[in-house]
2 protein chains.
Amino acid sequence: MVAQPDRREEANAERGGVERIRDAAIELFGQHGVNGTSLKAIAERAGVSPALIIHHYGSKDGLRVACDQYVADTLLALKTDAVRQGPRLDPVMLTSQIAEFRPLMRYLAKTLVDGSPHVNDLIDKMVEHAEQYIEEGVAAGLVKPSANPRARVVVLFLFAMGSLVLHEHFKRLLGVDLIDGDEPPVAYLQAVLEIYCEGVLTPGTYQNVRSYLDQLEEQSDPKGGSDDERD
Amino acid sequence: MVAQPDRREEANAERGGVERIRDAAIELFGQHGVNGTSLKAIAERAGVSPALIIHHYGSKDGLRVACDQYVADTLLALKTDAVRQGPRLDPVMLTSQIAEFRPLMRYLAKTLVDGSPHVNDLIDKMVEHAEQYIEEGVAAGLVKPSANPRARVVVLFLFAMGSLVLHEHFKRLLGVDLIDGDEPPVAYLQAVLEIYCEGVLTPGTYQNVRSYLDQLEEQSDPKGGSDDERD
DNA sequence: CAGTATGCTGACTAAGCGTTCAGTCAGGAG
DNA sequence: CTCCTGACTGAACGCTTAGTCAGCATACTG
C-alpha cells in the first residue's frame, strides 16, 4: 500500500526515493519501452506514489531524460575504465557480463531504436573511443589496416550494438543470451571471432563483389531508375 | 471530410478500405512503433473512421497481427524470388533498395525489437534460407567453410538485420541511409565487404583470442552447443 | 420494386494516461 | 515551542485511448 516507514533497512542498497524511482524506471523502460511503461507501474516498483515521480522529475519525459543521462554517464565511465584494462574483443560483450549493468544494457538496447539525444551522444562517444582503440590495435599489429577506418569502426560497432538490440533473436535462434546469460555466449563469440579473423568470402568472390561496388561508386548518380533491371 | 462516394478513381491504386487501413498501419507502425500509434492516426491516414478499423480487424491487436502476417508473407515471397536471381552479398540490402518495400522494411525493423510471433517466424525462415544459401556458396567455393555454420549464419544474418534496425545511427555516424537512401550505401557496403573478405584481426590476435575462447568453452559444458545449464 | 447484406460513420463509453493540487508528516532551525 | 522546508500522498482533473452501437447509404438480389 504505502511506502514502509522503515526504509532504513534498505537504505544501504538504494538511498533516496529519487534514485529508487530512476532505477525502477530504467528497469521497466528497458523491459517494455518508454511508451509501454506507465508512471503508475514505475511508482509501484519503486514503492512510491506516481505524484512523487512528477514531484522529483517534473514530467515523464523529464524522468526519461534523467534515465538517458544516467545510463549514458554510467556506461561511458565504465567504458573508460574498460579501455584501461587492455585489449578486448568486444567491449559491449564485456559490459553485458557484469550483472549490475544488465538493466542499463537493456535500457540502452531499447532506447537505441527510438533514439534519444543523450543516448546518441553516448553512441557517438563510444564510436570515437572505438576508433581510437582500433587505431592503436592497428599500430600494434593486432588489427589489420582498413581502406576506410571510420566506416569500418562504425560498422563493427553497430554490428555489436545491433546484436545487443536483437539479443532475443540470438536467444531463440542460437540459444545464447547476450544480456541475461550467466555464462559467456560462446557460440556467438566463436562465430564473431571466426568472421573477424578468417573472413567469410573467398578471394574470388572478393574480386567479383568488389568490381560491382566500384561500379556503384562510379555511378554515384542519385537519378536513374535502376530498381530491378540490374541484378 | 467524409469519404468521397466516388472512390473508383482511386480504386486502381488501392482498392478497398481494408487494405488502405493495413497499408496506413504498416507505415505508421513502422515510423512510431505500435504503441506510439493510435487508431485515430491510422484512420486519418487511411481516410476512414477509427470505428471502421475495429469493424474490419476486430481490435488494434488484430490489426497488428494482420500487418505482421502481411509483411511476413510479402517479404518471404520477395526473398524467395530474390534467391532465384542468383548470388547476392546481402539480400536485406537488396530488398531495401526497392522503394515499394521500404515501409515494410521499416515496419520489420521496428517490430524486430518488440517481437511478434509472425515476424519471428519470418526471421526463422529467412535464416533457414540463408543457411541453405550459404551452404551452396561454400559448395561453389564462393564462401569459406565454417567450424559452426549455423552460428555463423545466424550471426551474419542478425548483423544485417541489426544494421537495418539501427539505420538511423548509420545515417548519423556514416552519412549512409540503409532504408531511405536513393543510392546504394556505398561506404557501408565497402566496409562490410572488407570485413567479410579480409577479416579484421591479424593471425596473432586470432591465436590470442582463440585460446581465451577455448578456455571459456572448457569452463562451460564442452558438449556441442553452449546451452545454458548453470548460473 | 422491396429486402437484405455490407461498408461505413458519428456519437458514445469506460478505462487508463500524465499531471495537478491541497494537504500530511518528519525533521531541522530559530 | 513555532516555523519552515521538502519528501510524500490521495483524490481529483482533463485528455486520449481502444472499443461499442445504432443507424445511414449504397449495392446486390430476387
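Order of the sequence lines fixes the chain letters, A, B, ..., with proteins taken first and strands second; residue numbering starts at 1 for each chain.
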(message) Tell me every residue that passes side chain to side chain donor-acceptor pair (under 3.5 Å) with B:D114, counting only those two or more places apart in sequence or in another chain.
(response) none
(request) Figure out the CG/C1' separation between A:D61 and C:dG18, and round it to whole Å. (result) 12 Å
(request) Using the test side chain to side chain donor-acceptor pair (under 3.5 Å), find all partners of A:D121 that sit at least two apart in sequence or belong to another chain. (result) none
(message) Can you pull out the residues from residues 49-56 of chain A that lie within a 4.0 Å heavy-atom distance of DNA chain C?
(response) A:A51, A:I54
(request) Could you tell me whether the phosphate oxygens of C:dG18, OP1 or OP2, come under 4.0 Å of any side-chain nitrogen or oxygen in A:S59? (result) no
(message) Below 4.0 angstrom, which residues in residues 25-37 of chain A have at least one non-hydrogen atom near DNA chain D?
(response) none
(message) Give me each pair satisfying ring pair (Phe, Tyr, Trp, His ring centres under 6.0 Å) with a member in residues 160-180 of chain B, each pair once, sequence neighbours excluded.
(response) B:F170-B:Y188
(message) The criterion is salt bridge (charged side-chain N to carboxylate O under 4.0 Å, His left out); which residues satisfy it with B:D124, sequence neighbours excluded?
(response) A:R172
(request) For B:E131, enumerate each residue passing the side chain to side chain donor-acceptor pair (under 3.5 Å) test, keeping only those at least two apart in sequence or located in another chain. (result) B:R150
(message) On the six-membered ring of B:F29, is B:R64 placed so that its NZ or CZ lies under 6.0 angstrom from the centre and within 45° of the ring axis?
(response) no
(request) Check the distance between D:dT16's P and B:E44's CD and give it to me in whole angstrom. (result) 12 Å
(request) Kindly write out the residues that satisfy side chain to side chain donor-acceptor pair (under 3.5 Å) with A:R106, not counting sequence neighbours, or none if the list is empty. (result) A:D180
(message) By nearest atom, which of the nucleotides C:dT9, C:dG18, D:dG19 is closest to the B:V48 side chain?
(response) C:dT9
(request) Could I get the full list of side-chain contact (heavy atoms from CB on, under 4.5 Å) partners for A:I54, not counting sequence neighbours? (result) A:L39
(request) Mind calculating the distance between OH (B:Y57) and P (C:dC8) to the nearest angstrom? (result) 11 Å
(message) Output the rounded distance in Å from CD1 (A:I21) to P (C:dT19).
(response) 13 Å
(message) Just the rounded figure in Å: distance from P of C:dA15 to NZ of A:K40.
(response) 13 Å
